[in-house]
K.L.:
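Questions regarding the structure given below will be posed in turn.
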Amino acid sequence: MAIQRPKGTQDLLPGTVEQWQYLEETIRRVCRDYGYEEIRTPIFEATELFQRGVGQTTDIVKKEMYTFLDKGDRSMTLRPEGTASVCRAYVEDKLYGQSQPVKLYYTGPMFRYERPQSGRFRQFHQFGVEVLGADQPIVDAEVICLVWDLYQRLGLRGLEVHLNSVGCPTCRAAHREQLQRFLTTRKSELCQDCQERYERNPLRILDCKNPNCQAVTEGAPTTLDTLCDDCRSHFEKVLSLLSGAGVAYRVDPRLVRGLDYYTKTAFEVMVEEIGAQSAICGGGRYDGLVEEIGGPATPGIGFAMGLERVLAALQVQGKFPDTKPKLFAMLIALGDKAQNEGFAIMNALRGKGVPVRMDLLGRSLKAQLKAADREGAELALILGEEELERQVLLLRDLNSGEQTEVPLSKVIEVIYMKHQRGV
RNA sequence: GUGGGUAUGGCGAAGUGGUUAACGCACCGGAUUGUGGCUCCGGCACUCGUGGGUUCAAGUCCCACUAUCCACCCCA
């Protein structure tokens with residue numbers, strides 16, 4: 001059987017690629033407007049970076065990484081997300097020495113070994129933003145506003161920003177203790193996974209989708225209940241800034257992000273109608289991450305957006321602009337000599353920026369006209385032996401059917417002028 | 001990793017055991033010789049994901065494998 005692409009990957013074909021380009025262009029424009037600069041990091045990194053950065057207890061590290069040994073027996077991993085790499089670069093390339101904060105963005109493929117389904121792939125694409133070196137709540141708000149603004153520019157509707165604060169290490173410890181105390185008598189009612197989470201990472205029990213666990217945790221203390229004064233005022237400031245900016249957010253005390261590095265603000269943007277995987281963007285603050293991977297203590301915040309999912313939302317909402325490239329003229333040459341002459345004319349016109357094409361299959365006049373029509377050409381430039389003899393070219397308007405003769409010596413000029421006038 | 005659905009020409013899609021595998025779209029060719037878009041005519045699957053099995057006979061039944069889709073876990 002013929003070789004097929006790896007499971008969970010996709011070939012992006014003409015017709016679809018234009019949609020990606022549109023999305024990417026919009027992203028770059030927003031980033032430029034907000035003063036974020038692009039960073040490009042390797043697509044694979046030392047496995048240890050993700051183990052330490054993303055966290056040993058996360059699903060990503062436990063079961064989803066594409067890890068391999070290179071020829072020097074070093075363990076390498078195709079990046080499952082972008083934040084760890086950006087922080088590594090911040091440290092390795094000493095970006096902390098530049099004026100702070102450093103505002104970066106990236107787009108590119110990420111890899112996770114999972115069973116594919118709607119909105120989930122093994123190779124998928126993310127656009128992400130990271131701000132390093134600023135701990136003020138205004139940064140959290142700006143980053144969320146950037147996301148919101150991007151969606152507005154794309155024309156997406158029905159979005160909801162879910163917001164929470166998971167606190168700092170201090171209040172997190174207090175929360176952990178309170179939560180464990182709350183659950184202590186009903187621990188046996190929890191699902192298998194949550195029983196394990198009870199010791200390792202009780203916070204995640206709040207996020208369990210099992211209806212039984214949700215019932216058990218009804219009324220359990222949330223991270224919001226146990227925030228320290230600093231975290232609380234930080235969160236409140238973020239909320240008030242977002243309200244002022246007109247962002248439609250909803251505080252969700254049970255929102256817990258799947259990565260270990262988050263502190264304080266955590267958020268997700270959800271959109272219905274694209275299937276079960278409705279999170280279109282996720283992010284938050286990670287004030288301990290840079291230090292964790294060996295850099296100076298540096299606050300950070302960022303998000304990652306799944307481009308496949310954004311495109312899916314644009315698709316169902318019918319928000320793509322028309323991007324079909326428009327053909328202006330089809331040059332139809334009949335016979336070998338005419339082809340030589342026609343080819344030269346086509347090149348001259350192309351040199352002046354006029355979109356012209358010629359048949360590449362040696363087809364009949366009829367077939368070529370048909371093709372011109374199908375490709376939406378305004379004009380057909382017909383050059384046969386007869387015309388060549390008389391040094392003219394037939395100029396046929398494909399909309400009206402009108403046909404006139406133009407001397408070969410004036411063709412370039414005439415067509416160029418018509419193109420300029422848009423006729 | 002677990003569960004369910006589906007696999008027929010480039011795409012969509014009939015076919016519910018029995019001679020030559022509907023149809024639509026797309027594509028190609030033609031309808032007086034060098035003229036498109038509409039119309040008409042014609043062409044386009046020695047074969048039904050792969051491998052076994054049942055049967056006189058299988059695209060149609062059974063088994064396995066593979067692929068794909070959807071869902072769970074989790075996430076983008």
Side-chain angles (χ1 to χ4, degrees), chain A residues 1-10 13 15 54 57-64 79-83 107-128 147 191-194 196-197 201 204 207-211 213 255-259 266-271 274-283 302-313 330 332-335 338 359 361 363-388 394-403:
Chain A
M1 196 199 253
I3 297 172
Q4 293 179 295
R5 63 175 181 273
K7 184 194 290 287
T9 63
Q10 31 181 2
L13 305 175
V54 178
T57 68
T58 60
D59 282 358
I60 289 178
V61 171
K62 279 194 300 190
K63 55 183 200 188
E64 293 171 2
R79 63 184 187 188
E81 58 104 55
T83 303
T107 63
M110 304 293 166
F111 306 83
R112 259 121 96 160
Y113 194 92
E114 298 193 88
R115 275 284 276 278
Q117 71 181 71
S118 180
R120 173 179 295 152
F121 305 87
R122 288 189 174 178
Q123 176 176 337
F124 60 103
H125 299 79
Q126 288 186 330
F127 152 54
V147 173
C191 71
Q192 187 96 43
D193 285 342
C194 285
E196 284 165 29
R197 288 174 181 141
N201 196 351
R204 307 227 51 186
D207 194 40
C208 186
K209 305 297 186 296
N210 184 315
C213 296
L255 172 66
V256 175
R257 304 277 309 144
L259 284 62
F267 69 96
E268 280 181 6
V269 182
M270 318 292 282
V271 62
I274 62 166
Q277 312 309 322
S278 57
I280 209 175
C281 175
F303 65 79
M305 187 180 295
L307 300 189
E308 281 81 359
R309 293 182 186 177
V310 174
L311 288 166
M330 180 70 87
I332 300 175
L334 305 166
D359 174 69
L361 292 170
R363 285 184 290 197
S364 67
L365 168 62
K366 185 174 175 173
Q368 294 193 49
L369 272 168
K370 206 168 173 179
D373 191 56
R374 186 171 43 225
E375 296 191 43
E378 304 288 330
L379 302 175
L381 312 178
I382 305 170
L383 182 64
E385 302 291 346
E386 220 179 275
E387 288 74 22
L388 198 56
L394 296 182
L395 193 161
R396 183 179 177 82
D397 183 313
L398 290 171
N399 297 311
S400 66
E402 256 174 68
Q403 197 159 291

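Every chain is numbered from 1 and lettered A, B, ... according to where its sequence line falls, protein lines coming before strand lines. Below, each value reflects all heavy atoms present in this structure, side chains not excepted, and no hydrogens, waters or symmetry copies.
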K.L.:
How far does the C1' atom of B/rA7 sit from the matching atom of B/rU50, given to the nearest Å?
P.N.:
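Nearest-Å result for B/rA7 against B/rU50 at atom C1': 11 Å.
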K.L.:
Using the P atoms only, state how far B/rG51 lies from B/rA67, rounded to an integer number of Å.
P.N.:
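It works out to 16 Å between them.
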K.L.:
Using atom CG of A/L307 as one end and atom P of B/rA76 as the other, report the distance to the nearest whole Å.
P.N.:
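After rounding, the gap between these two atoms is 13 Å.
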K.L.:
Hey, does A/A372 reach any base, or is it just sugar-phosphate, or nothing, if we go heavy atoms under 4.0 Å?
P.N.:
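Touches nothing.
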K.L.:
Considering only B/rG29, B/rA76, B/rG34, which nucleotide approaches the side chain of A/A279 most closely?
P.N.:
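The closest nucleotide is B/rA76.
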K.L.:
How far, in whole Å, is B/rC23 from B/rA45 if one measures between their P atoms?
P.N.:
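Looking at atom P only, B/rA45 and B/rC23 are 12 Å apart.
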K.L.:
What is the separation between atom CG on A/L395 and atom P on B/rU35, rounded to the nearest whole Å?
P.N.:
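Answer to the nearest Å: 18 Å.
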K.L.:
Of all the choices, B/rU35, B/rG36, B/rC69, which nucleotide is nearest to the side chain of A/P116 once you look at every atom?
P.N.:
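Minimum distance to the A/P116 side chain belongs to B/rC69.
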K.L.:
What integer number of Å spans the P atoms of B/rG59 and B/rG42?
P.N.:
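That atom pair is separated by 28 Å.
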K.L.:
Under 4.0 Å, heavy atoms only, any strand: does A/R197 hit a base, just the sugar-phosphate, or nothing?
P.N.:
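Sugar-phosphate contact only.
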K.L.:
Closest to the A/R374 side chain: B/rA76, B/rC27, B/rG36?
P.N.:
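Of all the options, the side chain of A/R374 is nearest to B/rC27.
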K.L.:
If you assign A/L394 and A/E81 each to the RNA chain B nucleotide with the nearest heavy atom, which residue ends up on the more 5' nucleotide?
P.N.:
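Nearest-nucleotide comparison on RNA chain B picks A/L394.
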K.L.:
Is there a side-chain contact between A/R363 and A/K370 (heavy atoms, below 4.5 Å)?
P.N.:
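A side-chain contact under 4.5 Å is absent here.
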K.L.:
Within the 4.5 Å heavy-atom criterion, are A/L369 and A/L398 side-chain neighbours or not?
P.N.:
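A side-chain contact under 4.5 Å exists here.
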K.L.:
Does the structure show a Watson-Crick or G-U wobble partner for B/rA21, both distances under 3.5 Å? Name it, or say none.
P.N.:
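Paired with B/rA21, as far as the under-3.5 Å criterion goes, is no nucleotide at all.
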K.L.:
Does the base of B/rC74 carry an N or O that pairs as donor and acceptor with the side chain of A/Q277 under 3.5 Å?
P.N.:
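For A/Q277, whose side chain was compared with the base of B/rC74, there is a donor-acceptor pair (under 3.5 Å).
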K.L.:
A/L334 vs A/Q368, test: side chain to side chain contact (heavy atoms under 4.5 Å, CB included). Steps then yes/no.
P.N.:
CA-CA 10 Å; A/L334 305 166; A/Q368 294 193 49; 4.2 Å; yes
K.L.:
Using purine N1 to pyrimidine N3 plus N6-O4 or O6-N4 for Watson-Crick, or N1-O2 and O6-N3 for G-U wobble, each under 3.5 Å, what pairs with B/rU55?
P.N.:
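B/rU55 is unpaired by these criteria.
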K.L.:
Hunt down the Watson-Crick or G-U wobble partner of B/rC65, both distances under 3.5 Å, from any strand shown, or write none.
P.N.:
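Pairing partner, where one exists within any strand: B/rG49.
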K.L.:
Please give the distance between the P atoms of B/rC62 and B/rG5 as a whole number of Å.
P.N.:
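These two P atoms come out 12 Å apart once rounded.
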K.L.:
Is any side-chain heavy atom of A/I332 closer than 4.5 Å to one of A/D359?
P.N.:
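Result no, sub-4.5 Å side-chain heavy-atom pair not found.
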K.L.:
What is the separation between atom CD on A/E114 and atom C1' on B/rC70, rounded to the nearest whole Å?
P.N.:
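Distance check: A/E114 CD to B/rC70 C1' gives 15 Å.
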K.L.:
Looking at A/K370, does any N or O in its side chain come under 4.0 Å of the phosphate oxygens OP1/OP2 on B/rU35?
P.N.:
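No, A/K370 has no side-chain N/O under 4.0 Å of OP1/OP2 on B/rU35.
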K.L.:
Using only modelled atom types and a 3.5 angstrom limit, is any donor from either the side chain of A/R115 or the base of B/rG3 paired with an acceptor on the other?
P.N.:
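A donor-acceptor contact between them is present.
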K.L.:
Mind checking who B/rC27 pairs with, Watson-Crick or G-U wobble, both distances under 3.5 Å?
P.N.:
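Here B/rC27 is engaged in a pair, and the nucleotide opposite it is B/rG43.
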K.L.:
Closest to the A/D373 side chain: B/rG36, B/rA71, B/rG34?
P.N.:
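Nucleotide nearest to A/D373's side chain: B/rG36.
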K.L.:
Using a 4.0 Å heavy-atom cut-off across all strands, classify A/Q403 as base, sugar-phosphate, or nothing.
P.N.:
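Touches a base.
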K.L.:
Which of these nucleotides, B/rC70, B/rA76, B/rG36, is closest to any side-chain atom of A/L369?
P.N.:
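The nucleotide sitting nearest to the side chain is B/rG36.
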K.L.:
Quick check: do A/H125 and A/P109 have side-chain heavy atoms less than 4.5 Å from each other?
P.N.:
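Answer yes - side chains close enough.
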K.L.:
Starting the side chain at C-beta, find the nucleotide from B/rG34, B/rC74, B/rA76 nearest to A/L334.
P.N.:
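That would be B/rG34.
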K.L.:
Both distances under 3.5 Å, Watson-Crick or G-U wobble: report the partner of B/rU2, or none.
P.N.:
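B/rA71 is the nucleotide pairing with B/rU2.
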K.L.:
Considering just the side-chain nitrogens and oxygens of A/Q117, establish if one lies under 4.0 Å of OP1 or OP2 belonging to B/rC69.
P.N.:
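The answer is no; no side-chain N or O of A/Q117 sits under 4.0 Å from OP1 or OP2.
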K.L.:
Quiz question: going by heavy-atom distance under 3.5 Å, is there a donor-acceptor pair between the base of B/rC75 and the side chain of A/R309?
P.N.:
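Result: at least one qualifying N/O pair found.
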K.L.:
Assess the residue pair A/F127 and A/C281 against the criterion (side chain to side chain contact (heavy atoms under 4.5 Å, CB included)); give the C-alpha distance rounded to whole Å, side-chain angles, the decisive distance to 0.1 Å, and a yes or no.
P.N.:
CA-CA 9 Å; A/F127 152 54; A/C281 175; over 6 Å; no
K.L.:
Considering Watson-Crick and G-U wobble pairs with both distances under 3.5 Å, what does B/rU60 pair with?
P.N.:
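Base partner found: none.
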K.L.:
If I take atom CG in residue A/L381 and atom P in nucleotide B/rG36, what distance separates them, rounded to the nearest angstrom?
P.N.:
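One finds 17 Å between P of B/rG36 and CG of A/L381, rounded.
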K.L.:
How many whole angstroms separate atom CD of A/Q4 from atom P of B/rC65?
P.N.:
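Computing the A/Q4:CD to B/rC65:P distance gives 17 Å.
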K.L.:
Determine the Euclidean distance between corresponding P atoms of B/rA13 and B/rC25; express it in Å to zero decimal places.
P.N.:
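It works out to 16 Å between them.
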K.L.:
Determine the contact category for A/K63: base if any of its heavy atoms lies under 4.0 Å from a base atom, sugar-phosphate if only primed atoms, P, OP1 or OP2 are that close, otherwise nothing.
P.N.:
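Base contact.
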K.L.:
In whole Å, measure the gap between the P atoms of B/rC44 and B/rG18 for me.
P.N.:
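It comes out at 26 Å once rounded to the nearest Å.
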K.L.:
Quick check for you: among B/rA71, B/rG34, B/rG36, whose closest atom lies nearest to any side-chain atom of A/E387?
P.N.:
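For the A/E387 side chain, the nearest candidate turns out to be B/rG34.
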K.L.:
Rounding to the closest angstrom, what is the interatomic distance between B/rU8 and B/rC69 at atom P?
P.N.:
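That atom pair is separated by 14 Å.
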K.L.:
Select from A/H125 and A/G401 the residue whose nearest nucleotide in RNA chain B is closer to the 5' end of that strand.
P.N.:
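Mapping each residue to its closest nucleotide by heavy atoms, the 5'-most match is A/G401.
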K.L.:
May I ask you to verify if any side-chain N or O of A/R204 is less than 4.0 angstrom from the OP1 or OP2 atom of B/rC75?
P.N.:
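Yes, such a contact exists.
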K.L.:
Rounded to whole Å, how long is the line connecting atom CZ of A/R112 with atom P of B/rC75?
P.N.:
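Those two atoms, CZ and P, are 9 Å apart.
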K.L.:
Would you give the length of the straight line joining atom CZ of A/R204 to atom CZ of A/R197, rounded to the nearest 0.5 angstrom?
P.N.:
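Going from CZ on A/R204 over to CZ on A/R197, the span is 6.0 Å.
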K.L.:
What do the steps show when you test A/Y113 against A/R122 for side chain to side chain contact (heavy atoms under 4.5 Å, CB included), and what is the final call?
P.N.:
CA-CA 5 Å; A/Y113 194 92; A/R122 288 189 174 178; 3.4 Å; yes
K.L.:
In whole angstrom, give the distance that lies between atom CG of A/L383 and atom C1' of B/rU35.
P.N.:
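After rounding, the reported distance stands at 14 Å.
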K.L.:
Just the rounded figure in Å: distance from P of B/rU32 to NZ of A/K366.
P.N.:
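Going from A/K366 (NZ) to B/rU32 (P), I get 8 Å.
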K.L.:
At 4.0 Å (heavy atoms only), tell me whether A/E386 reaches a base, stays on the sugar-phosphate, or touches nothing.
P.N.:
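Base contact.
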